[in-house]
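In each ligand, atom 1 is the first atom listed, and ligand 1 is the first ligand listed. We use all heavy atoms of the structure for the numbers below, so side chains are in, but hydrogens, waters and symmetry mates are not. For the single chain, residues carry numbers from 1 onward in sequence order.
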Amino acid sequence: MGSEWLLSEDRSKRDSTMALDLDRLFRALRSGDKRAGGLTMSLIDDEDPQSEDILKRLYQSENRALAVGITGWPGVGKSSLISRLAKAFLDLGRKVGIIAVDPTSPFTGGSLLGDRIRFRDIEGNSNLYIRSVASRGHHGGLSRSARAFIKVMEVMGYEIVLVETVGIGQDQIGVSLIVDTTVVVVAPGLGDYLQAIKSGVIEIGDIFVVNKGDRDGADRAVGDLQNAIMMREKEDWRPPVVKTVAIESRGIKELMVELDKHAAYSAADRGAQGRKSRAAKDEVVDAIKTRLFDHFFGGEGLRGESMAEYTRQIRERKTDPYTVADGMLRNKGIS
Ligand SMILES: Nc1nc2c(ncn2[C@@H]2O[C@H](COP(=O)(O)OP(=O)(O)O)[C@@H](O)[C@H]2O)c(=O)[nH]1
Ligand SMILES: [Mg+2]
């Protein structure tokens with residue numbers, strides 16, 4: 001078997017009639033081969049026919065990575081913080097993965113290689129692996145791909161995986177279910193942190209960071225957050241608030257200490273295990289949905305000719321989506 005396509009992320013080189021040798025792929029992954037990692041993640045992102053077999057194998061790995069979600073609004077300093085954290089872990093000799101779910105992240109675009117001085121001392125480090133989640137696929141959100149990417153990095157021997165996500169909403173909540181620790185980052189000014197308090201983000205944070213601690217209002221933000229956390233339902237883990245100045249690498253050690261504490265706590269905690277169970281249940285439901293969807297549409301997706309006709313009728317208000325769905329299910333002998 002030729003190896004060009006195995007070692008290339010250029011899928012067009014792959015003969016579509018030839019199945020990928022998964023034993024070989026996983027040997028390459030376990031040896032830490034980044035090209036094999038890139039190929040595996042692309043196959044998953046593209047929902048390749050072999051991606052489920054790949055996912056099954058990923059779950060058999062005994063390697064474990066600590067996955068940390070870093071979340072918050074654009075501009076609060078997530079990427080800066082991640083680069084500093086990555087640097088600190090790399091200095092300790094750890095293998096660090098970064099997954100950018102944020103499409104605007106400098107990790108995903110050319111600016112990573114541009115003039116952003118904060119990345120200069122980590123990029124190119126052989127113990128660092130950066131990937132972005134490219135597509136939502138049609139079967140799951142970004143969190144589905146991100147979860148698989150964490151597992152790929154785990155198999156490759158990465159010990160810490162930092163996942164950058166932006167904004168709030170389903171994807172954000174989804175991401176908090178697939179990581180071990182969720183760090184919510186806010187910044188003083190602009191009312192960012194007050195928005196966080198109002199929007200329910202408080203509920204998903206295991207650790208809070210007030211970044212841009214060099215700015216006015218940072219201490220007030222810490223206090224406000226602490227108060228908001230007090231209002232949370234009582235639990236054994238009291239989320240700490242850490243003040244950082246990412247651009248000066250200040251507060252990074254303190255954040256690492258809290259990450260360590262939380263890792264130790266959640267390894268033993270029933271609440272954290274409950275969250276993992278919920279995440280596992282979501283995955284089973286996802287898998288069932290995918291199977292039902294594929295079975296129902298027979299690979300045609302929503303592109304079929306009759307679908308075009310239905311959507312026209314819905315647009316023209318001659319029918320509605322619910323009646324169409326009922327009709328389609330009846331045609332297939334379901335319901
Ligand atoms: N003053 C100050 N600026 C910061 C700090 N951390 C990041 N920034 C700046 O804030 C901007 C946004 O940072 P970035 O990491 O891209 O934020 P992200 O969108 O949350 O990933 C950049 O111009 C950073 O240089 C900090 O601690 N203090
Ligand atoms: Mg960013």
Side-chain angles (χ1 to χ4, degrees), residues 67-90 96-123 128-134 142-143 145-146 149 160-169 171-172 174-176 179 181-197 199 201-202 204-222 224-225 240-256 258-259:
V68 179
I70 312 277
T71 190
W73 276 278
V76 296
K78 297 179 298 298
S79 299
S80 310
L81 209 53
I82 285 173
S83 75
R84 296 302 85 202
L85 264 180
K87 169 90 167 66
F89 281 122
L90 287 167
V96 181
I98 296 176
I99 298 173
V101 185
D102 171 4
T104 68
S105 169
F107 294 121
T108 61
S111 55
L112 173 62
L113 301 170
D115 61 351
R116 300 211 175 199
I117 199 135
R118 63 188 182 272
F119 298 113
R120 287 234 176 103
D121 50 355
I122 60 167
E123 83 189 45
L128 177 72
Y129 191 24
I130 302 175
R131 282 290 296 199
S132 58
V133 176
L142 291 162
S143 56
S145 287
F149 285 20
I160 312 274
V161 180
L162 305 168
V163 185
E164 174 172 357
T165 62
V166 70
I168 58 158
D171 278 332
Q172 167 123 323
V175 168
S176 78
V179 295
T181 303
T182 298
V183 178
V184 173
V185 185
V186 302
L190 307 170
D192 267 351
Y193 71 94
L194 291 173
Q195 234 174 311
I197 289 168
S199 67
V201 176
I202 290 292
I204 64 165
D206 299 308
I207 295 170
F208 291 84
V209 167
V210 174
N211 187 44
K212 306 198 182 183
D214 53 328
R215 293 251 178 105
D216 284 348
D219 291 326
R220 169 133 187 254
V222 170
D224 286 348
L225 274 175
V241 182
V242 182
K243 189 165 81 170
T244 60
V245 184
I247 48 168
E248 293 166 14
S249 294
R250 271 161 54 198
I252 303 300
K253 286 267 144 60
E254 289 80 350
L255 178 54
M256 289 166 83
E258 296 300 344
L259 284 171

Q | Listed partners of Glu248 passing salt bridge (charged side-chain N to carboxylate O under 4.0 Å, His left out), at least two apart | A | Arg250

**Q.** Option with minimal heavy-atom separation from atom 17 (O) of ligand 1, where the choices are Gly77, Pro74, Pro188, Ala100
**A.** Gly77

Q) Which of these, Val76, Val184, Val185, Val183, sits in a side-chain contact (heavy atoms from CB on, under 4.5 Å) with Thr71? A) Val184

Q) Which of the atoms in ligand 1, numbered in the order shown and given with their element, are less than 4.0 Å from a heavy-atom of Glu164? A) 21 (O)

**Q.** Residue Trp73 vicinity, atoms of ligand 1 by number, heavy atom under 4.0 Å
**A.** 20 (O)

Q: Report, in ascending order of atom number, the atoms of ligand 1 lying under 4.0 Å from any heavy atom of Ser80.
A: 7 (C), 13 (O), 14 (P), 15 (O), 24 (C)

Q. Does a donor on one side chain and an acceptor on the other come within less than 3.5 Å for Thr181 and Asp206?
A. no

Q. Is it true that Gly72 lies under 4.0 Å from ligand 1, counting heavy atoms only?
A. no

**Q.** Region of Val245 that comes within reach of ligand 1 [heavy atoms, distance under 4.0 Å]
**A.** both

Q | Which residues share a side chain to side chain contact (heavy atoms under 4.5 Å, CB included) with Asp214, sequence neighbours left out | A | Lys212, Val245, Ile247

Q.
Using a plain distance cutoff, I'd like to know if Leu81 has any nitrogen or oxygen under 3.5 Å from a nitrogen or oxygen of ligand 1.
A. no

**Q.** Selection from Lys78, Glu248, Lys212, Arg250 by shortest heavy-atom distance to atom 20 (O) of ligand 1
**A.** Lys78

Q.
Between Asn211 (side chain only) and Lys78 (backbone N and O only), is there a donor and an acceptor less than 3.5 Å apart?
A. no

**Q.** Heavy-atom closest pair, residues Arg84 and Ala246
**A.** CG-O, 3.2 Å

Q: Check whether any side-chain N or O of Lys243 sits under 3.5 Å from a backbone N or O of Gly251 as a donor-acceptor pair, and report yes or no.
A: no

Q: Examine Asn211 against ligand 1 and note whether any of their N/O atoms are separated by less than 3.5 Å.
A: yes

Q: Work out the angle at the Mg ion (ligand 2) between OE2 of Glu164 and OG of Ser79, rounded to 10°.
A: 90°

